[in-house]
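So the structure is just underneath, and the comments pick up after that.
Every chain is numbered from 1 and lettered A, B, ... according to where its sequence line falls, protein lines coming before strand lines.
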Number of protein chains: 2
Amino acid sequence: MKSSKILLVDDDEDILDLLEYNLTKEGYLVQTALNGKKAIEVANEFLPDLIIMDVMMPEMDGIETCGEIRKNKLLSNTIITFLTARGEDYSQIAGYEAGADDYITKPIKPKVLFSKIKGLLRRGNIEAELVEETASMKIDREKYIVLQKGVEISLPKKEFELLALLMSRPNNVFTREKIFASVWGDDIVVGDRTIDVHIRKLREKIGDDYIKTVKGVGYKFVEIES
Amino acid sequence: MKSSKILLVDDDEDILDLLEYNLTKEGYLVQTALNGKKAIEVANEFLPDLIIMDVMMPEMDGIETCGEIRKNKLLSNTIITFLTARGEDYSQIAGYEAGADDYITKPIKPKVLFSKIKGLLRRGNIEAELVEETASMKIDREKYIVLQKGVEISLPKKEFELLALLMSRPNNVFTREKIFASVWGDDIVVGDRTIDVHIRKLREKIGDDYIKTVKGVGYKFVEIES
DNA sequence: TTTCATATTAACCCAATGTTAACTCACTAT
DNA sequence: ATAGTGAGTTAACATTGGGTTAATATGAAA
């Protein structure tokens, strides 16, 4: 298991030290930044899985920084979590708009923080693996190739990514929202039928039985037994 | 969407009734307790997501109760909010130390209360239960699948959510209102028979014995012993 | 018995999904 | 430039089955 990388951003060095110490002890790879500018630099370099960032910072605040970070495509899978003082509700709205994934309120309770971090990383790690494999199907992100019972199938990008997503968790239902978010990206808006068509093309190529529709919920990949 | 569970604690039964009525109507699962001791019992059993508790109570006051509740690890994610009369600031300090997360001042304005509750729960709801399990039945929200003695049963959305709700608290009776609020949502109005039909479909699939009718009250999920 | 809540059955409706083909756009080869 | 190609999207229509309701039956309680 690859250790998850966490970037901590806060202008209070004490908090940074405290969190860094504890998270390192938990087995995470931690880097810190004292301000937004620094955070962007480090993020681009370090490519963290999770960023925990104070909303209130001198110079460039968390929300602005968040927006900048979201511009880097390499960080599109990075989860951004804000630290906010209790009751700063106005900031939450702006924060979500800027692309934040979650909030942690001060004062920080270590237990809450850790369980939250675990949960967040689990969500984000969905498609970390480069090669997914089930009994009769293998997918290789690096080579952009799908092998079905040893036979190579070539898929165009979107179909490939869609299949890769579904295969990343066999039997798990992915909602349309999640599929859109993952394959297309949150910002891009495409029609509702687009996804069906891609599903259909996939089914044409790999057979109808691999992708199951869960009406009203989404789609899932199932391994079929002959 | 699983409904959030709220525990109300106050020695004034009128307030309990009022809040219970309104919160249930909003789709929450509500339980009440008249004093601190009862609150601890119920909390340990009910595992609420949020506890709203009067500070001033006979016998065991809110702060002491809060301290007790915080000792239960299963309740570590539970948010505790105090009801306090305006100006009782001294209690706030003690309250935070005891582990309270927020305050609501009396007199209570319903709109303020609801928006506050929503905010609090959104923060706390990071990780709702994904799997519920009893001796012979397991339900998995991510896979949208029910396993009965290892045998996979697939259910349509509404049936699935209905079963999930009932299984979230085995042996607990869910009133029709609560079921509607949770599975359908308050705004949507459907006929009274709809629920019976779904119960019937469920029973057809998982067997008659799991879901018991409590006439005049509601339905409950019971684990059957062979 | 009478009443009221729930069970049962089957028919109906419609929103979600499937399907097909056309259209756009980028890229390539001619 | 022009035409060809294929991925991706959309539009238009078909289909399906989940969800709801209506009508009737059953059964428990008062």
Side-chain angles (χ1 to χ4, degrees), chain A residues 139 141 144-146 152-166 173-222, chain B residues 1 139 141 144-146 153-166 173-222:
Chain A
I139 193 165
R141 285 193 133 68
Y144 240 80
I145 265 177
V146 178
E152 192 176 313
I153 299 175
S154 82
L155 298 174
K157 196 176 165 207
K158 285 267 145 56
E159 287 168 45
F160 182 90
E161 285 179 0
L162 176 53
L163 180 59
L165 175 68
L166 295 179
V173 179
F174 290 83
T175 63
R176 275 157 186 275
E177 290 99 65
K178 280 184 185 167
I179 293 172
F180 278 133
S182 175
V183 178
W184 276 264
D186 283 316
D187 36 356
I188 290 153
V189 182
V190 289
D192 216 18
R193 294 279 64 69
T194 300
I195 208 167
D196 305 22
V197 174
H198 280 93
I199 290 283
R200 186 175 168 285
K201 285 180 186 164
L202 262 179
R203 284 179 173 155
E204 250 172 26
K205 286 166 188 162
I206 65 173
D208 284 349
D209 303 325
Y210 283 98
I211 300 173
K212 198 181 162 193
T213 304
V214 183
K215 211 170 174 176
V217 187
Y219 297 92
K220 65 177 168 182
F221 180 93
V222 291
Chain B
M1 173 73 189
I139 192 164
R141 287 193 133 71
Y144 243 82
I145 262 178
V146 178
I153 300 175
S154 81
L155 299 174
K157 200 177 168 201
K158 284 265 147 54
E159 286 167 46
F160 183 91
E161 285 179 359
L162 175 54
L163 180 60
L165 175 68
L166 295 179
V173 180
F174 289 83
T175 64
R176 275 157 187 276
E177 290 99 64
K178 283 182 182 173
I179 292 171
F180 278 133
S182 175
V183 178
W184 276 264
D186 300 308
D187 34 356
I188 290 152
V189 182
V190 289
D192 216 19
R193 294 280 64 70
T194 300
I195 207 166
D196 305 22
V197 174
H198 280 95
I199 290 282
R200 185 176 167 286
K201 285 180 186 165
L202 261 180
R203 283 178 173 154
E204 248 172 28
K205 284 167 188 161
I206 65 174
D208 285 349
D209 304 324
Y210 283 97
I211 299 173
K212 201 180 162 192
T213 304
V214 183
K215 205 166 175 176
V217 187
Y219 297 92
K220 66 177 168 180
F221 180 92
V222 291

Would you tabulate the side-chain donor-acceptor contacts of residues 199-206 of chain B under 3.5 Å, counting partners in other chains and residues two or more places apart, or write 'none'?
residue	atom	partner	partner atom	Å
B:R200	NH1	B:E204	OE2	2.5
B:R200	NH2	B:E204	OE2	2.6
B:R203	NE	B:I211	O	3.2
B:R203	NH2	B:I211	O	2.9
B:R203	NH2	B:T213	OG1	2.7
B:K205	NZ	B:E159	OE1	2.8

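- With sequence neighbours left out, the side-chain hydrogen bond (donor to acceptor under 3.5 Å, both in side chains) criterion links A:R176 to A:D196, A:Y219.
- The distance from atom CG of A:L162 to atom OG1 of A:T194, rounded to the nearest 0.5 Å, is 11.5 Å.
- Here the range on DNA chain D touched by chain A, meaning any atom under 4.0 Å from one of its heavy atoms, is D:dA7 to D:dG17.
- Near-neighbour residues of DNA chain C inside residues 209-221 of chain A, defined by a heavy atom below 4.0 Å, number-ordered: A:T213, A:K215, A:G216, A:Y219.
- Classification of the A:Y144-A:F160 ring pair by plane angle, with boundaries at 30° and 60°, yields parallel.
- Residues A:V189 and A:W184 are not in side-chain contact: their nearest non-hydrogen atoms beyond the backbone lie 4.5 Å or more apart.
- Between B:E161 atom CD and B:I139 atom CD1 the span is 9.5 Å, to the nearest 0.5 Å.
- Considering all non-hydrogen atoms of both residues, B:L165 and B:S182 come closest at CD1-OG, 3.4 Å.
- Against DNA chain D, the stretch residues 191-202 of chain A makes heavy-atom approaches under 4.0 Å through A:G191, A:R193, A:T194, A:V197, A:H198, A:K201.
- Using cut-offs of 30° and 60° for the angle between ring planes, the B:F221 and B:Y210 rings count as parallel.
- Chain A approaches DNA chain C within less than 4.0 angstrom (heavy atoms of the protein), and the contacting nucleotides run 5' to 3' from C:dA16 to C:dT20.
- When all heavy atoms of A:K158 and A:V183 are compared, the pair lying nearest together is CE-O, 3.7 Å.
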